[in-house]
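Comments concern the structure below.
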Amino acid sequence: MLPAQRAIPRIRQTATAHLTQTMNLLGLSRAEQGEFLNSVLASNPALELTKPTRCPTCRRALYLPGPCPVCHPAREGPIVFLATPPGRGRDESGEENLPEPAQPERLSDFLLRQIGPELSPEERSVANYLIARLDENGLMPESSAEAARYLHQPLAVVEKVLHAIQRCDPPGIGATSPIEALLIQVEQLAETHDVPQAVRPIILEHLEPLAHGEFGLIARALSLPRPEVEAAAKFIRLNLTPYPGRTFLGHDHQPTAPDPELYHEAEMVFRLAPNAAEGPLIVEVYAPLVGRLRVNPEIRTLVKTLSGAERENWEGKVEEAALVEKCLRQSQVTVLRLAAILAEEQRAFILGTDRELIPMTRARIAARLEVHESTISRAVSRKRAALPSGRIVPLSKFFDRSLSVRDVVRSIIAEENRPLTDTEVAGMLKERGIPVARRTVAKYRAMEGILPAALRRTQRAQRSAALSAS
DNA sequence: CTATGGCACGGATT
DNA sequence: AATCCGTGCCATAG
């Protein structure tokens with residue numbers, strides 16, 4: 001099976017070759033857009049950067065024509081406008097270089113800080129890529145070979161960097177499978193602690209029965225006394241996790257005080273005006289260079305004085321530059337309109353919890369904005385939104401049909417007095433006006449990482465045992 | 001017999 | 001056209 005084609009190689013190509021068709025900027029993340037625009041800017045002298053105008057009252061930088069949307073909110077509804085990301089160094093105009101905000105460290109930065117010093121610049125960019133590919137559990141879903149091919153780097157380099165990542169905290173990060181994550185953790189623990197002998201073979205070969213608590217089965221397979229297996233299981237449960245990424249998120253990604261500058265990584269930031277819980281939502285859409293990249297008018301007039309091959313050459317450049325400018329503006333207008341709709345329709349979800357998400361589809365938004373469905377798909381893909389709670393979520397979360405129901409399932413089980421079976425949960429959902437099949441409840445429960453009722457029983461028993469022991 | 005997970009189908013969504 | 005999602009059916013474990 002071929003891996004899905006990715007955007008960056010395609011972009012490198014178009015940036016250096018002829019830009020004849022409209023470009024797909026919409027489908028790119030903010031970082032990719034920035035990379036692309038910088039390369040176009042460098043390769044086309046007919047393009048120039050201009051400075052944004054400033055709102056006379058609030059001094060905010062304005063990237064689109066018209067009055068300041070914050071000081072002059074046009075009408076009812078959310079306030080949506082373009083802004084440059086508060087990144088460092090990126091802004092060639094020298095404006096808007098905000099100081100590094102104090103913020104809880106993100107996992108990606110935490111990892112880079114650990115391995116950065118021992119890597120060459122080239123390896124560091126490999127590390128950047130690999131870390132960005134880690135899934136929500138901190139595991140690496142992509143093979144080294146795929147990454148190497150994508151990065152155009154030797155396999156050995158990729159593997160070296162990956163191994164460096166795997167030696168980082170939290171232990172097991174960057175492993176390619178839950179099993180590998182567990183093994184890495186065991187090795188690290190073994191340096192300072194005694195590890196029950198049964199632990200390694202259980203991880204390697206009997207993980208499945210372990211999950212079901214089938215200690216007898218394992219004991220027989222390994223020819224070990226059952227208590228030893230149980231001790232090993234307890235060790236695994238207490239000390240190891242197949243999802244190393246979650247341990248970091250656990251203490252770092254908790255809802256934090258909303259810090260307006262926290263949002264390096266999102267392309268859309270939702271917030272409320274201070275002291276205005278009832279006020280309109282304010283949405284900043286981060287867009288590198290937008291509104292400031294334009295065809296240099298001097299070159300435009302200059303071209304008219306040229307002739308022959310030289311003139312043709314420059315006309316081509318100007319045409320290309322105009323196209324870039326147009327595509328860029330077009331894609332940004334679409335994202336802004338999307339942002340406005342999200343803020344309007346999902347206000348409760350943005351300010352509140354998953355449960356308040358209202359089901360919505362890309363197709364419906366497309367109809368409302370009178371654009372093609374694929375346009376909305378691209379506008380949503382590879383982008384993230386920062387919510388006032390401090391959470392950063394992929395935009396696709398806004399279109400998750402089952403999110404709010406899963407949230408209800410979670411709370412039903414959290415508040416249960418005795419372990420409820422899936423059928424019972426399904427019944428309770430029906431009472432609340434959410435008819436879902438029993439099978440579906442099972443899937444939602446699994447998605448939330450909740451064990452089946454029978455196992456929640458033993459989990460309870462173990463928890464209370466541990467509690468009374470301590 | 002009950003609870004659950006695997007598989008596969010069909011319709012919706014991208 | 002490809003993928004995702006909810007669901008029903010069936011096998012299996014307890």
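Reminder, nothing fancy here: chain letters follow the sequence lines and each chain counts from 1. These values consider heavy atoms only, across backbone and side chains, with no hydrogens, waters or symmetry-generated copies.
- Side-chain contact, A:Arg378 with A:Thr334: no donor N or O sits under 3.5 Å from an acceptor N or O.
- Sorted by first and then second residue, the salt bridge (Lys or Arg N to Asp or Glu O under 4.0 Å) pairs involving residues 151-161 of chain A (not counting sequence neighbours) are A:Glu123-A:Lys160.
- Judged as a salt bridge (Lys or Arg N to Asp or Glu O under 4.0 Å), and not counting sequence neighbours, A:Arg401 has no contacts.
- Applying the salt bridge (Lys or Arg N to Asp or Glu O under 4.0 Å) criterion to A:Glu356, with sequence neighbours excluded, gives no partner residue.
- Using a 4.0 Å heavy-atom cutoff across all strands shown, A:Ser381 reaches no nucleic acid atom at all.
- The nearest pair of heavy atoms linking A:Arg432 to A:Val408 is NH1-CG1, 3.6 Å.
- Here the P atom of nucleotide C:dG6 and the CG atom of A:Leu403 are 11 Å apart, to the nearest Å.
- Remark: the A:Arg445 side chain and the B:dG5 base include no donor-acceptor N/O pair separated by less than 3.5 Å.
- In this structure, CZ of A:Arg438 is placed 10 Å from P of C:dG8, rounded to the nearest angstrom.
- Contact check, A:Tyr444 against C:dG6: a side-chain N or O comes under 4.0 Å of OP1 or OP2.
- Salt-bridge annotation for A:Lys383 and A:Glu267: absent, with no side-chain N of the basic residue lying under 4.0 Å from a carboxylate O of the acidic one.
- Going from atom CZ of A:Arg456 over to atom P of B:dA3 covers 12 Å, rounded to whole Å.
- Residues satisfying the salt bridge (Lys or Arg N to Asp or Glu O under 4.0 Å) criterion with A:Arg418, sequence neighbours excluded, are A:Glu424.
- Following rounding to the nearest Å, A:Arg457 (CZ) and B:dT4 (C1') show an atom-to-atom distance of 16 Å.
- Within the 3.5 Å criterion, the main-chain N or O of A:Tyr444 finds no donor-acceptor partner in the side chain of A:Arg410.
- Within 4.0 Å of A:Ala446, counting heavy atoms only, lies no atom of the nucleic acid at all.
- Taken residue by residue, residues 408-434 of chain A places heavy atoms nearer than 4.0 Å to DNA chain B at A:Thr421, A:Asp422.
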Reading 5' to 3' through nucleotides 7-14 of chain B, protein heavy-atom contacts under 4.0 Å coded B for base, S for sugar-phosphate only, - for none: BB----SB
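- Each of A:Asp354, A:Ile358, A:Leu342 was scored for a side-chain contact (heavy atoms from CB on, under 4.5 Å) with A:Phe349, with one residue passing: A:Asp354.
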